[in-house]
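To keep things clear, I will list the structure first and then write my remarks on it.
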Amino acid sequence: MAKNKTPLLDQLESGPWPSFVSDMKQQAEARAKNENNVEYQIPVDVVDDLLGVLELSYVDGETHWKHGGIVGVFGYGGGVIGRYCDQPEMFPGVAHFHTMRVAQPGGKFYKTDYLRQLCDLWDFRGSGLTNMHGSTGDIILLGTTTPQLEEIFFELTHKMDQDLGGSGSNLRTPADCIGQARCEWACYDTQDLCYQLTIDYQDELHRPAFPYKFKFKFDGCPNCCVASIARADMAFVGTWKDDIRIDQDAVKAYVEGDVKPNGNAHAGRDWGPFDIAKEVLDLCPTECMRYENGKLEINNRECVRCMHCINVMPRALRPGVHGGLSILVGAKAPILDGAQMGSLLIPFVEVNKESGYEEIKNVIEPIWDWWMEEGKNRERLGELMKRKGFQALLEAVGVDAMPQHVSEPRHNPYIFWKEEEVPGGFEMDINAFRKRHLR
Amino acid sequence: MAKNKTPLLDQLESGPWPSFVSDMKQQAEARAKNENNVEYQIPVDVVDDLLGVLELSYVDGETHWKHGGIVGVFGYGGGVIGRYCDQPEMFPGVAHFHTMRVAQPGGKFYKTDYLRQLCDLWDFRGSGLTNMHGSTGDIILLGTTTPQLEEIFFELTHKMDQDLGGSGSNLRTPADCIGQARCEWACYDTQDLCYQLTIDYQDELHRPAFPYKFKFKFDGCPNCCVASIARADMAFVGTWKDDIRIDQDAVKAYVEGDVKPNGNAHAGRDWGPFDIAKEVLDLCPTECMRYENGKLEINNRECVRCMHCINVMPRALRPGVHGGLSILVGAKAPILDGAQMGSLLIPFVEVNKESGYEEIKNVIEPIWDWWMEEGKNRERLGELMKRKGFQALLEAVGVDAMPQHVSEPRHNPYIFWKEEEVPGGFEMDINAFRKRHLR
Amino acid sequence: MAFISSGYDPKSPMENRVTDIGPRKYDEFYPPVIAKNKGKWLYHEILEPGVLVHVSETGDEVYTVRVGGARLMSVMLIREICDIADKHCDGYVRWTTRNNIEFMVDSKDKVKPLIEDLESRKFDAGSYKFPVGGTGAGITNIVHTQGWIHCHTPATDASGPVKAAMDVLFDDFKDMRMPAQLRVSLACCLNMCGAVHCSDIAMLGYHRKPPMVDHEYLDKMCEIPLAIAACPTAAIKPKKVEIDGKTLNSVDVNNSRCMYCGNCYTMCPCLPLMDKEGDGVVLMVGGKVSNSRSAPKFSKVAVAFLPNTAPRWPETTDAIKKIVEVYAADARKYERLGEWAERIGWERFFEKCELEFTHHLIDDFRDPAYYTWRQTTNFKF
Amino acid sequence: MAFISSGYDPKSPMENRVTDIGPRKYDEFYPPVIAKNKGKWLYHEILEPGVLVHVSETGDEVYTVRVGGARLMSVMLIREICDIADKHCDGYVRWTTRNNIEFMVDSKDKVKPLIEDLESRKFDAGSYKFPVGGTGAGITNIVHTQGWIHCHTPATDASGPVKAAMDVLFDDFKDMRMPAQLRVSLACCLNMCGAVHCSDIAMLGYHRKPPMVDHEYLDKMCEIPLAIAACPTAAIKPKKVEIDGKTLNSVDVNNSRCMYCGNCYTMCPCLPLMDKEGDGVVLMVGGKVSNSRSAPKFSKVAVAFLPNTAPRWPETTDAIKKIVEVYAADARKYERLGEWAERIGWERFFEKCELEFTHHLIDDFRDPAYYTWRQTTNFKF
Ligand code: SRM
Ligand code: SRM
Ligand code: SRM
Ligand code: SRM
Ligand code: SF4
Ligand code: SF4
Ligand code: SF4
Ligand code: SF4
Ligand code: SF4
Ligand code: SF4
Ligand code: SF4
Ligand code: SF4
């Protein structure tokens with residue numbers, strides 16, 4: 001029988017969607033039974049008490065977790081989120097309930113042997129509850145006690161070849177979309193770039209040297225399936241430089257109804273026969289497509305590579321072959337100054353595995369230098385950009401201003417000039433002036 | 001021969017566009033000749049010296065006018081802009097060169113006898129130079145001396161039944177588009193509303209009681225020919241509530257090419273035959289029009305009354321008969337906080353001559369009260385709105401929030417609540433809280 | 001419960017220490033068909049909701065079966081996933097960026113048994129363990145955050161409202177009748193640990209009361225200057241208080257300036273602001289992330305407050321359901337929710353969705369607020 | 001030059017004083033055909049550039065001949081206008097909101113003689129006095145401000161650059177070959193006494209040097225706190241200076257914070273900032289005021305600086321001419337300049353108009369700047 005009564009939570013066991021309450025309950029029960037005789041290193045009733053404290057929150061309408069203290073593993077400035085219950089006597093099983101962030105593999109592909117190893121470890125030394133995955137991308141191991149942190153880290157690194165992810169004023173665990181692994185649209189190898197930068201920047205990831213958190217996300221194309229543009233201080237979004245590849249026969253097949261548009265994504269309703277004008281040409285934001293005499297033409301110079309036409313006709317259209325990526329910077333959540341999406345900094349950069357992605361690092365590192373130099377404590381890159389101006393960012397990275405940087409030029413005329421840009425400089429002689437202009 | 005050499009200005013006498021230099025020169029010459037033996041009350045060479053000082057500016061690349069001192073007519077806080085030359089010894093004719101703003105008639109219609117009277121007065125007591133008209137709308141009498149100010153005011157009011165316009169922290173001279181006087185689209189009588197409010201608010205116009213300047217402009221329809229939406233703290237823009245009137249025969253005439261579109265405004269080029277789909281339906285911002293079987297249909301509920309279709313087919317389409325106006329507030333030039341256009345406050349108000357425009361005054365006066373109460377010195381209404389929030393304006397005027405007030409709802413969640421809106425108010429008991437949540 | 005050492009020696013933590021090794025390398029975990037065809041995919045098709053095929057230029061195919069679920073997941077459930085993957089997928093499995101699970105097989109005949117297996121598994125209380133769906137023009141899993149399960153600042157729970165909402169939206173997880181993909185998300189406070197700021201529909205936990213001040217402990221537990229500096233509206237000032245005859249350093253909160261963001265509480269535990277009546281959900285709509293057709297968009301506030309009615313948040317799920325149905329009926333094919341609202345105009349959005357427009361929805365945050373007011377006479381009655 | 005009294009007695013200013021009478025009432029000045037048909041107009045047509053007919057439901061017609069000109073106008077010229085109005089228009093005339101003059105006649109046969117009369121009048125040096133034009137899809141008169149003729153803060157002249165620009169644009173004043181109406185304006189400083197902030201093309205006088213400080217006189221002539229408060233960037237601080245052994249109160253300007261707005265100079269004449277090399281013209285484009293099709297738009301900065309090359313500002317007029325020609329060739333019918341630039345994208349605008357995009361054109365003024373950066377991968381190479 002369950003340790004704590006949870007009448008409110010129990011109501012969340014009904015309904016078709018997988019119930020986290022049912023799952024927690026089965027886990028609580030299994031722990032209590034302990035059929036495999038695990039020598040649990042943290043309280044056996046940890047899950048029971050988590051259910052209990054959650055039920056209490058459902059009654060109170062308030063959380064029962066206190067501020068996390070500073071806990072972690074030796075030498076790392078992140079990877080663990082400390083957490084303590086504010087009713088430890090009622091719920092001793094979760095009095096300490098720290099989270100560990102485990103760096104997820106690229107594309108979130110797994111082999112089951114690895115997962116089982118992780119499950120065993122977490123059953124043994126933690127609550128047996130996880131988040132698959134956290135919002136940043138990590139595997140979240142939810143709830144353990146302070147003494148277990150080093151033990152878990154030791155087992156992870158020694159037995160599983162696996163490191164922790166980021167938290168604190170660090171580079172956070174980078175994340176990628178599935179990309180070339182299973183997507184026909186990826187303009188570069190998201191997994192490799194993500195992995196390589198993660199490895200090369202391990203120091204930045206584990207040892208807080210930044211003013212605040214910093215996130216990388218890697219999307220293979222502008223569909224942004226890992227939401228990089230919204231959620232990464234630095235978003236790497238695949239794009240291409242040459243022309244969209246067209247298979248005219250396939251275009252015809254779409255027009256004639258032989259292939260369902262949008263990879264059949266609209267199959268749940270009868271939208272009528274495919275209408276290339278309405279569904280593709282008219283929705284192209286730049287109106288750069290024509291369909292005449294059974295032939296699709298794209299004025300690629302005017303195309304902004306938004307993906308819409310490709311999304312709708314995946315068998316007929318493909319991104320160009322000259323792939324690369326755009327870098328957008330500064331995305332962040334609303335605290336303190338309002339949310340930001342990434343702003344376009346580098347329209348196109350080659351993704352060059354052979355060079356060790358040097359071209360890309362040449363953008364990343366000057367930005368970090370600038371941010372570490374100029375950023376205030378707890379100031380995200382986006383906020384620094386706002387405070388100092390986009391121009392300051394450009395100077396830091398050594399990039400010239402170009403119209404691609406803006407959706408529109410400034411409409412206020414409050415232009416700053418550098419003294420060296422203005423003939424004669426800023427020093428003017430008031431006495432000479434007063435000769436021309438009497439008081 | 002001209003008093004001052006003006007080789008640079010002389011170059012502005014060539015070219016087809018009317019040359020202000022030629023005009024000034026003819027005026028200078030006429031003054032020098034004085035064929036009608038006018039007893040000029042200010043220096044005869046005022047225009048010569050104005051040319052001289054302007055030439056000097058062309059050489060120096062700098063203005064030669066000093067800050068205006070406080071000059072004016074007794075009892076008024078505006079209407080005169082003081083101006084002194086910073087090289088009075090070189091150009092004694094313009095040592096004092098004050099401007100007077102004369103309130104223009106509605107629609108800027110004139111009878112020549114009035115104009116001639118004004119010319120005589122200004123020849124006699126001023127420079128004989130004007131601006132027809134100033135940017136706000138006034139007749140600008142450009143350049144006279146301090147002693148003449150009261151004289152001119154006396155003659156204006158006694159002999160010409162004519163008052164000065166506004167300057168300073170006043171209501172400025174209101175201005176209107178030509179409206180119903182000669183335009184088929186005016187949804188209300190701009191001239192009458194403009195006149196009546198000008199008369200009713202003479203005190204506000206002449207005696208500075210406001211934090212800063214305040215402008216009214218009256219446009220008969222959303223084409224905004226007097227630019228109210230861009231240049232008036234309070235813009236009164238005609239609109240209608242019912243359906244666009246359609247003359248289907250005239251629509252046909254356009255389609256068949258019997259009538260030129262847009263009142264023939266595009267006659268300077270061969271744009272090909274009129275294409276109702278491309279030129280009207282596709283450009284309708286709400287896509288609320290259909291043309292089928294020779295009939296034009298408008299889904300008026302979705303129409304935003306942008307005027308485009310009416311502009312293009314003036315013989316076929318007319319605004320509805322239930323006219324009224326929208327009020328937009330806060331437009332201003334960029335100093336200090338960036339330019340603003342007017343923001344929609346009152347989507348529709350009846351324009352009711354019989355009531356003395358009471359419905360409209362019921363909007364104006366609470367706004368003034370609020371601004372006078374809350375506005376800082378030199379703070380425009382638009383700036384106050386920004387500082388205090390649109391909600392504060394709504395409360396001041398007693399208008400409920402509605403989606404028409406926004407182009408989109410807020411995207412940040414930083415919502416302020418009034419204490420009375422939140423059950424239990426803002427006072428919470430920390431000790432009760434600490435019973436639920438231990439430290 | 002004896003302590004069992006992993007081999008780690010707290011006395012010499014650096015001995016034998018392994019650090020900075022990062023995650024496991026992606027290609028260790030690729031299923032063979034993925035490893036072989038990486039970068040060679042030609043096109044894909046959704047065979048039915050939740051089932052995708054990708055076709056490679058080599059002629060290979062990979063069939064993906066996507067299943068939804070709570071991302072709060074026990075090791076028991078993960079082991080069950082492993083069992084399935086071992087049985088059907090040669091021991092490979094992946095998660096999507098929205099916390100769905102994907103089982104991949106390399107030939108069509110393996111699909112049906114896999115689906116049957118997945119759909120047959122239920123928790124004892126009746127809910128599915130692995131419902132197939134979440135693709136195409138439907139509603140996929142809700143991305144969300146910790147809520148009352150693990151965080152100290154939430155204004156609502158996460159897992160609970162998500163379960164409640166997904167129950168209501170379940171049919172659309174398993175269908176593709178929407179005009180376009182519709183992404184729902186939840187963040188339990190405005191730190192917004194997720195894409196709430198640019199989701200088609202977002203639930204956001206929000207406080208509505210200024211912080212209490214725990215004067216007695218504040219100076220002991222917090223750095224007063226940091227708490228003061230944390231406040232974006234400068235609502236916090238230093239203050240001396242008398243308690244039991246002693247003068248203590250503390251702070252004063254100017255309630256009328258406070259917008260309940262909780263940033264001060266993040267910096268100082270003596271400024272708690274959660275409250276049963278004050279806290280609840282802000283409903284936001286119309287955001288998107290993709291660049292398809294239109295630029296990414298921020299979500300806009302559609303309902304300023306809905307109460308935390310545990311355990312099923314009916315006011316919130318009703319409002320969501322209503323918006324979803326109106327959108328489904330009214331929008332055009334391919335039109336994301338925000339694109340639809342912009343096309344018909346926000347005044348119509350509120351009318352059609354029968355949502356009240358209140359003063360809270362007008363932006364009043366800093367200078368950019370101005371640009372969201374309506375600077376045109378173009379509006380619908 | 002003896003002083004002649006109007007009858008005003010400075011010793012008793014209130015005696016016999018008439019005040020608060022406002023402007024003359026509009027209907028005193030309506031031509032009869034206007035008075036009769038007010039509110040009854042049915043439609044209009046542009047017969048040729050500068051010539052309009054409006055048709056009333058009464059069957060009446062009014063023909064309008066619009067002529068351009070400098071709004072800086074002598075009484076001699078006004079009297080000439082009166083002569084023409086008397087001769088052709090029963091003594092009525094009006095001005096438009098853009099400083100053109102309109103002569104109205106009530107029947108078609110009166111139009112031709114009127115036009116001939118108008119077009120025949122020239123200044124001795126050759127320019128037209130009353131060129132007919134300024135209607136429809138052409139370029140009408142430039143609205144502008146005082147410049148070096150009368151104001152103390154200008155960074156450029158007004159009448160001069162306007163004359164120079166209108167000479168260059170003259171053919172389009174007399175034609176209607178543009179895709180839509182094209183409004184040009186000028187303001188001589190950023191007080192922007194005109195619609196420069198929302199014109200298709202705008203010339204804006206702009207300083208580029210921070211103010212000099214006339215320490216010796218500052219405390220005598222200005223209120224130091226007002227000067228300090230006037231600065232929107234807080235670039236001004238109080239400062240003591242030693243001059244001739246005396247310590248004076250004055251101010252210090254932090255050059256690197258100054259954006260040369262001149263607001264301090266408006267409040268204090270001891271902070272002049274005009275300078276021959278520093279001052280010049282900012283070219284702005286793409287604004288509009290009408291609500292037709294799209295909402296009103298602000299003008300955007302297209303060229304950050306063009307020098308004050310008196311008397312004809314060739315760099316400025318060349319840039320304008322270039323933009324006008326590219327727009328005329330590239331835009332669609334009815335498309336205003338700003339609508340065109342937005343459709344093709346600003347990157348194309350700069351390319352097509354062969355204008356250099358410099359760092360000055362990126363907004364860095366306060367929070368809203370962010371919203372003008374590009375938050376999408378959608379761009380053209
Ligand atoms: C665990 C996770 C939520 C989840 O349930 O998935 C999370 C949890 C917390 N986040 Fe977060 N954030 C998580 C992803 C995010 C994201 C999403 C993302 O990374 O894509 C964001 C929005 C993007 C961004 O970075 O702006 C996010 C924006 C924040 C913020 C606001 C930062 C800002 O600059 O606006 C805070 C506040 C702070 O740093 O003090 C925050 C703070 C927190 C803290 C540490 C609470 C705090 O103030 O100390 C939370 C700890 C909760 C707990 O007890 O476990 N978290 N946080 C996510 C990390 C899991 C992982 O590593 O995979
Ligand atoms: C004469 C006129 C320009 C013209 O050549 O037409 C003018 C001239 C001056 N304006 Fe203006 N403004 C004139 C219309 C405008 C307009 C346009 C309008 O009213 O439609 C604007 C923009 C709209 C607005 O009000 O925002 C305008 C915005 C300013 C500003 C900026 C105010 C702001 O809040 O941003 C100033 C600065 C100030 O008030 O200190 C200003 C200040 C001035 C001063 C008084 C200079 C000063 O700082 O003391 C100028 C006196 C010039 C002179 O010596 O004659 N003037 N001023 C216009 C008035 C004529 C008339 O009465 O008809
Ligand atoms: C598996 C996954 C990537 C991953 O690394 O895990 C993925 C996979 C695919 N996405 Fe995605 N997207 C995935 C998250 C996203 C996200 C991120 C998010 O929602 O947080 C976005 C941005 C959402 C947004 O804009 O708010 C996203 C925006 C798209 C779009 C753009 C749709 C649009 O019109 O705006 C497409 C194209 C389309 O569907 O036509 C797309 C298309 C696709 C395709 C068809 C790509 C392909 O050819 O393989 C994949 C199957 C789509 C499907 O499920 O119907 N994917 N996709 C993610 C599945 C999430 C899930 O479990 O449901
Ligand atoms: C006479 C005048 C009103 C007045 O009270 O003096 C006037 C008169 C007319 N305007 Fe206007 N507009 C006048 C200034 C304006 C302004 C104000 C300005 O430029 O400062 C605007 C706003 C400009 C802007 O958006 O930047 C203006 C925007 C319009 C529009 C909207 C055009 C558009 O597509 O954006 C129309 C409709 C049209 O032309 O199709 C219009 C249409 C008209 C019509 C056809 C109205 C009618 O039926 O009589 C008139 C003749 C148009 C023509 O000249 O081709 N009028 N019109 C003004 C003449 C100014 C001049 O001398 O050139
Ligand atoms: S972002 Fe593009 S490349 Fe990556 S999974 Fe999505 S559609 Fe494919
Ligand atoms: S990718 Fe977008 S912009 Fe390019 S052609 Fe296709 S729909 Fe048009
Ligand atoms: S604003 Fe409208 S009513 Fe007034 S003149 Fe222009 S078109 Fe006519
Ligand atoms: S007025 Fe504008 S919105 Fe209304 S029908 Fe005509 S074009 Fe469409
Ligand atoms: S959104 Fe807020 S409450 Fe939720 S996990 Fe993130 S920080 Fe915690
Ligand atoms: S909750 Fe936010 S706004 Fe309120 S006092 Fe704290 S930091 Fe300031
Ligand atoms: S724009 Fe500036 S310089 Fe020109 S008249 Fe107005 S205040 Fe004077
Ligand atoms: S010119 Fe403007 S920014 Fe510069 S010091 Fe003066 S007020 Fe400040």
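All chains are named by letter (A, B, ...) in the order of the sequence lines, taking the proteins before the strands, and each is independently numbered beginning at 1.
Summarising the geometry of D/Val301 relative to A/Pro413, their closest heavy-atom pair is CG2-CA, 4.4 Å, with the distance given to 0.1 Å. D/Cys270 and A/Arg434 get closest at one heavy-atom pair: CA-NH2, 4.1 Å. Heavy atoms only, all atoms of each residue included: D/Ile362 and A/Ala401 are closest at CD1-CB, 3.9 Å.
The aromatic ring centroids of A/Trp417 and D/His360 lie less than 6.0 Å from each other.
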Item to check | From CA spacing to verdict: salt bridge (charged side-chain N to carboxylate O under 4.0 Å, His left out), A/Arg301, D/Glu351 | outcome: CA-CA 13 Å; A/Arg301 233 183 91 66; D/Glu351 185 187 278; 2.4 Å; yes
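How far NZ of D/Lys380 is from CD of A/Gln404: 11.0 Å, rounded to the nearest 0.5 Å. Remark: D/Met212 CE to A/Glu427 CD distance equals 10.5 Å, nearest 0.5 Å. For the atom pair CZ of A/Phe433 and CG of D/Asp275, the computed distance is 8.5 Å after rounding to the nearest 0.5 Å. Taken to the nearest 0.5 Å, the CG atom of D/Asp364 stands 11.5 Å off from the CZ atom of A/Phe390. One finds the CD atom of A/Gln391 at 9.0 Å from the CG atom of D/Leu361 (value rounded to the nearest 0.5 Å). One finds the NZ atom of D/Lys276 at 15.0 Å from the CE atom of A/Met428 (value rounded to the nearest 0.5 Å).
Neither the backbone nor the side chain of A/Lys388 comes within contact range of chain D, judged by heavy atoms closer than 4.5 Å. Heavy atoms closer than 4.5 Å to chain A are found nowhere in D/Phe349, neither backbone nor side chain. Residue A/Met307: no heavy atom, backbone or side chain, is found under 4.5 Å from chain D. In this structure, the portions of A/Ser343 lying under 4.5 Å from any heavy atom of chain D include both its backbone and its side chain. Heavy atoms of A/Asn300 lying under 4.5 Å from chain D are absent altogether. If you measure heavy-atom distances from D/Val213 to chain A, the contacts under 4.5 Å come from the backbone alone. Heavy-atom distances place both the backbone and the side chain of A/Ile415 under 4.5 Å from chain D. Contact annotation for A/Cys303: only backbone heavy atoms (N, CA, C, O) come within less than 4.5 Å of a heavy atom of chain D. With a 4.5 Å cut-off on non-hydrogen atoms, D/Ala304 touches chain A through its backbone and its side chain both. Both the backbone and the side chain of A/Gln340 come within contact range of chain D, each with at least one heavy atom under 4.5 Å from a heavy atom of that chain.
Among D/Tyr371, D/Phe298, D/Trp346, the single residue meeting the ring-ring contact (aromatic ring centres under 6.0 Å, His included) criterion with A/His411 is D/Phe298.
For the residue pair D/His359 / A/Glu421, a side-chain donor-acceptor distance below 3.5 Å is found, with atom types taken as modelled.
Under the 4.0 Å criterion applied to side-chain N and carboxylate O atoms, D/Lys352 and A/Glu302 are not assigned as salt-bridge partners.
Here the side chains of A/Arg439 and D/Asp214 are in contact, with some heavy-atom distance below 4.5 Å. Residues A/Val422 and D/Lys209 have side chains in contact (heavy-atom distance under 4.5 Å, counting atoms from C-beta outward).
In terms of modelled atom types and a separation under 3.5 Å, the side chain of D/Arg374 and the main chain of A/Val406 share a donor-acceptor contact.
Both tests pass for A/Arg305 against the ring of D/Phe379: distance under 6.0 Å to the centre and angle within 45° of the axis. Cation-pi geometry between A/Lys386 and D/Tyr370 is met: under 6.0 angstrom from the ring centre, within 45 degrees of the axis.
Per-residue heavy-atom pair counts under 4.5 Å with chain D were compared for A/Arg387, A/Arg410, A/His437, and the maximum is reached by A/Arg410.
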